[in-house]
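Just so you know, these numbers use all the heavy atoms, side chains as well, and skip hydrogens, waters and symmetry mates. Just so you know, residue 1 is the first one in the sequence shown, and it goes up from there.
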Amino acid sequence: MIKSDKERAVLFGEYMVSRKATVRATAKAFGVSKSTVHKDLSERLPKLSPALYGRVKAILEENKRERHIRGGLATKHKYEKQHSMNLQDN
């Protein structure tokens, strides 16, 4: 059980760094909102653990640079799935 917001921020940061996770994946793993994860990582973590924040920030920036690629892949998979379902119907 998480004892405080400070402890939670560090847990989120450690999780994200160990798995190179996205904010969305981190939120899902801990059962909290993306807003909670983002606030803890961007506002609380720098004060609690600057070194960990540096590693988290690098992952956040990488994810931001790659998000258009992920979005494109998600759209591609969506239409591939729809296409295969249409072939099965015929």
Side-chain angles (χ1 to χ4, degrees):
M1 184 166 176
I2 299 172
K3 296 177 184 175
S4 69
D5 291 347
K6 293 176 184 178
E7 183 181 64
R8 186 179 66 198
V10 172
L11 282 174
F12 290 166
E14 290 171 349
Y15 180 88
M16 193 169 222
V17 167
S18 69
R19 292 169 177 79
K20 286 195 166 187
T22 61
V23 169
R24 184 179 299 242
T26 303
K28 186 175 183 179
F30 287 90
V32 297
S33 72
K34 294 180 298 181
S35 298
T36 299
V37 172
H38 196 270
K39 180 173 182 136
D40 282 358
L41 293 176
S42 62
E43 294 179 13
R44 293 186 176 107
L45 191 59
K47 298 170 190 166
L48 300 170
S49 179
L52 179 58
Y53 173 69
R55 294 183 297 187
V56 167
K57 186 174 180 184
I59 292 169
L60 290 172
E61 289 173 359
E62 180 180 345
N63 289 342
K64 188 173 184 179
R65 285 191 305 269
E66 295 174 353
R67 70 181 168 196
H68 68 284
I69 296 168
R70 282 194 205 96
L73 289 173
T75 301
K76 178 182 176 185
H77 293 305
K78 172 185 170 183
Y79 286 109
E80 286 174 345
K81 184 177 178 181
Q82 285 179 349
H83 180 71
S84 68
M85 289 176 68
N86 287 339
L87 291 176
Q88 290 174 357
D89 291 342
N90 293 330

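In this structure, H77 NE2 and Q82 CD are separated by 13.5 Å, a value rounded to the nearest 0.5 Å. To the nearest 0.5 Å, the span separating OG on S4 from CZ on R44 amounts to 9.0 Å. Summarising the geometry, atom NZ belonging to K28 is positioned 9.5 Å from atom CZ belonging to R24; distances are rounded to the nearest 0.5 Å. Rounding to the nearest 0.5 angstrom, the gap separating the NE2 atom in H38 from the CD atom in E43 is 9.0 Å.
I59 and K20 get closest at one heavy-atom pair: CD1-CA, 4.1 Å. Here the closest non-hydrogen pair linking S42 and Y53 is CA-CE1, 4.3 Å. Taking both residues in full, the closest heavy atoms of K34 and V23 are given as O-CG1, 3.7 Å, listed atom of the first, atom of the second, then distance. Residues A9 and L48 share a closest heavy-atom pair of CB-CD1, 4.0 Å. Closest non-hydrogen pair, L11 versus F30, comes out as O-CZ, 4.1 Å. Contact detail for L41 and F12: the closest heavy-atom pair is CD2-CB, 3.9 Å.
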Test log, rule side chain to side chain contact (heavy atoms under 4.5 Å, CB included), inputs V17 and V56: CA-CA 6 Å; V17 167; V56 167; 3.7 Å; yes

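Looking only at side-chain heavy atoms (C-beta outward), L60 and M16 come within less than 4.5 Å of each other.
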